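Remember, predicted model here, so these are calculated numbers, not experimental data. Keep in mind that the numbers below use all heavy atoms, side chains included, and drop hydrogens, waters and symmetry copies. Sequential numbering from 1 along the given sequence is applied to the chain's residues.
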Amino acid sequence: MKKPLLLALSTALVAITAPALSQDQASSATSPAATGAESYGRWGFDLAGMDRSVKPGDDWFRFVNGTWVDKTQIPADRSSYGAFAVLRDLSEQRLRVLISGYNATDAAHPDRMKAAILYSGFMDEAAAEKRDAAPLTERLKPVRAAASKTDVAALMGRAVGGFGASFFGPGVNDDAKRPDIYALYLRQSGLGLGDRELYLDAKFQPQVARYRQYVAQLLGMAGWADPAKAADAVVAMETKLAQAHWTRAQSRDRDKTYNLTTLAELKTQAPGFPWDAFWQAAGVAKAERAIVAQNTAFPGIAKVFADTDLDTLKAWEAFHVTDDVAPLLSKRFVDAQFEFRSKFLNGQPQQRERWKRAVAFTENAVGEGIGRDYVALYFPPESKAKMDRLVGNLRVALAGRINGLAWMSPATKQQAQEKLKGFSVKIGYPDKWRDYSALQIVPGDVVGNAERAQRFEWDYRRKRMGGPVDKAEWGMTPQTVNAYYNSVKNEIVFPAAILQPPFFDPKADDAVNYGGIGGVIGHEISHGFDDQGRKSDGQGILRDWWTAEDATKFEAQAVRLGGQYEAYSFDGLPGVHINGRASMGENIGDLGGVLIALDAYHASLGGKKAAVIDGFTGDQRFFLGWGQVWRTLFRNEALRQQLVGDPHSPGQIRAVNPLRNVDAWYAAWKITPDQKQYLPPAERVRIW
């Protein structure tokens, strides 16, 4: 799979206090341009965005968001747009103001200084044009010099902490069966198009053909000999890799992807690949064991390596190095990558402005360093306090639902309650921040800075192998518009940037907040009990704590839910559907999230009847809040990519399909059997 420019951010080496912003910085960061959060009506819902000519049970998404859909255009520099994108734009604007106010010589605040150097370096377009291909030429020298397949394996190992790619993707994470220890993981990798289906399904041949052109184009720009012939060989080789790879659905199975293997055993199980050179170059040779994910794919992947000639392997690595470095080079390289990866694959008409790319580049390198300042300005204490109460109410609601499950035995219920008690919650920002003191940032060296940031991140991770897990660590920065559940830590995490309208507004109607952020909280909690999260216990240990009969009942309901999602079709994308198995965890999370949040909302009323506001009951406002956060528009190309490679169902489906299984939705809106999205009670899925 195509890796991001830098490895995912992690957090927290030392606990420090965020330095205070200067008066000028604070005033500019809180200016209207920087803080302009979108308004969602007087009680948290956008009434003007509805289409009341549509019956709620005929097209719920249109009923809630139809006028917004009609009046909204996807920005030219985006492939999709919706509630998440609005907040990402806001976060991006705020970060721009912050970073622009930093001083590149401010040694008293080293994180700010590094951010300023990174940002200004990326913004210097004239310097990038002057450098042109020089930084790439330097980084292709080791590829050109590779004299053997052992040399290529070493290049793959070094690419983990730099530019390029590998057939095998190492990582260091909490051991799923020993959650207090960091372990070395190894997964299948190497596909420039990201997913095996794109190579193997005939309907995606136009994408493969255009990819072949792109490989040839970049190799030509890199000065590679006979780039068209090399591109044919590279794509043919990646197609063989795709044939060896597991499917996305198979790769989700946490039981089948936990295969503890010694490095010595791996050489026997997957011969034909120079493992020792790979381990040494990746800096993990001291590890005795690795947890191999797609273990039965590894022999086939190694065979592809063994059967491929040296020139093709070198051309493949050269292409991936060029593809990685291209966004940091002159306009001709930037444009080439944009035309394929953004415009062709995702339908995005225009390149994002340079400052937006500069913000992303800077964030990838020193995200938590900027995050300290972000939360000081944009995350008020009352938001954290109200979120604490919301999460507490949802935990109580789930406990009640577990006790009331008719299909689950007392033995499994007891284990489920123990797991729920073990949940930890992180809200807003980490208690201790990442230490970037060892990261060297050099003025004017954009490509080198990206490479050093990649190496810094990988070194940080690999050096923890076998050591104790840092329970305080975050997997997202505070300015990230997202949330997550970590099954091994058994924790739910909500960064500050998502705790804003339309998801959450301390001043909004409680029903809308419960339908918005409450549903998101419930979604993340439900991940602990989805088809894969349920496999870990309250201590985060991967083990089977279910009775066999309960597991069978759960699986039957999950399969029925998957069938509902697979039945949807999409205009302009014939034959492309949601993969019910690959998206199963997210779909279960949505269904559980709505049910838990609704119970929590009812409990929050304290026995009182909810007020009617603008003609809407409390339950109606709850469901409107849920539908509003999933307002989404896609370009067809981006929707195709989402359906093929993303575990989340499209927003327009997330807005309605969970509700079709919720009895209270039907009651709230008086939805009758003659309406198109009606499901008979017997066909509604009952899980949590």
Side-chain angles (χ1 to χ4, degrees), residues 1-14 110-111 113-115 117-119 121-122 131 134-143 145-146 151-173 182 184-187 189-190 277-287 317-318 320-329 360-370 433-467 470 473 475 477:
M1 180 174 286
K2 186 79 181 75
K3 69 181 181 181
L5 180 62
L6 299 177
L7 290 174
L9 289 165
S10 63
T11 59
L13 282 180
V14 295
D111 288 353
M113 180 175 68
K114 289 173 182 177
I117 294 171
L118 288 161
Y119 182 80
F122 192 99
R131 289 190 296 266
L136 172 64
T137 301
E138 186 66 25
R139 283 156 182 84
L140 286 178
K141 285 181 180 178
V143 182
D151 291 343
V152 174
L155 290 172
M156 290 183 179
R158 284 195 288 274
V160 181
F163 299 121
S166 171
F167 282 14
F168 305 98
V172 176
N173 290 297
Y182 287 115
L184 176 65
Y185 280 77
L186 198 63
R187 302 183 65 84
S189 190
F278 177 75
W279 298 129
Q280 192 66 41
V284 294
K286 70 174 185 179
E317 191 65 61
H320 282 284
V321 170
T322 306
D323 195 28
D324 272 2
V325 179
L328 309 175
L329 299 176
F361 174 73
T362 306
E363 248 201 303
N364 280 338
V366 290
E368 283 200 22
I370 309 167
W433 299 90
R434 183 70 183 275
D435 178 9
Y436 295 104
S437 59
L439 172 60
Q440 184 186 12
I441 298 298
V442 178
D445 187 11
V446 176
V447 176
N449 287 336
E451 194 169 36
R452 283 184 289 273
Q454 184 94 344
R455 172 55 61 183
F456 168 79
E457 190 66 35
W458 174 237
D459 284 348
Y460 169 69
R461 294 182 177 278
R462 70 179 181 82
K463 290 177 181 178
R464 301 191 299 180
M465 286 187 305
D470 181 359
E473 183 178 61
T477 64

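Nearest heavy-atom pair, N449 versus Q440, reported as atom, atom and distance to 0.1 Å: OD1-O, 4.1 Å. Between A365 and A453, the closest heavy-atom pair is CB-CB, 4.0 Å. Between G190 and H320, the shortest heavy-atom contact is O-NE2, 4.3 Å. The shortest non-hydrogen separation linking L155 to A146 is CD1-CB, 4.1 Å. The shortest heavy-atom contact between A277 and A153 is CB-CB, 4.5 Å. The two residues I117 and P443 have their closest heavy-atom pair at CG2-CA, 3.6 Å.
Checking side-chain atoms of D324 against main-chain N and O of G164 turns up a donor-acceptor pair under 3.5 Å. A side-chain donor-acceptor contact under 3.5 Å links K114 to the backbone of L439. Put simply, the side chain of W279 never gets that close to the backbone of A287: no donor and acceptor are under 3.5 Å apart.
Every residue meeting the side-chain hydrogen bond (donor to acceptor under 3.5 Å, both in side chains) condition with Y182, not counting sequence neighbours, appears here in chain and number order: R464. Taking the side-chain hydrogen bond (donor to acceptor under 3.5 Å, both in side chains) definition, one finds that D459 meets it with R455, R462, sequence neighbours left out. Qualifying side-chain hydrogen bond (donor to acceptor under 3.5 Å, both in side chains) partners for E138, counting only residues two or more places apart in sequence or in other chains: K141.
With rounding to the nearest 0.5 angstrom, the CD atom of Q280 is 12.0 Å from the NZ atom of K286. Distance check, rounded to the nearest 0.5 Å: CE of M465 to OH of Y185 gives 13.5 Å. A distance of 9.0 Å separates CG of N364 from CD of Q454, quoted to the nearest 0.5 Å.
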Run the side chain to side chain contact (heavy atoms under 4.5 Å, CB included) test on F163 and V447 for me, step by step, so that the C-alpha distance in whole Å, both residues' side-chain angles and the decisive distance to 0.1 Å come before the verdict.
CA-CA 10 Å; F163 299 121; V447 176; 3.7 Å; yes
Using the side chain to side chain contact (heavy atoms under 4.5 Å, CB included) rule, take D111 and I370 through it: C-alpha gap first, then chi angles, then the decisive distance, then the call.
CA-CA 7 Å; D111 288 353; I370 309 167; over 6 Å; no
Show your reasoning for whether side chain to side chain contact (heavy atoms under 4.5 Å, CB included) applies to R434 and E457.
CA-CA 11 Å; R434 183 70 183 275; E457 190 66 35; 3.3 Å; yes
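Ring geometry for F278 versus F168: interplanar angle over 60°, hence perpendicular rather than tilted (30 to 60°).
At least one side-chain heavy atom of V446 sits under 4.5 Å from a side-chain heavy atom of L328. Side chains of V366 and F456 form no contact here, defined as non-hydrogen atoms less than 4.5 Å apart.
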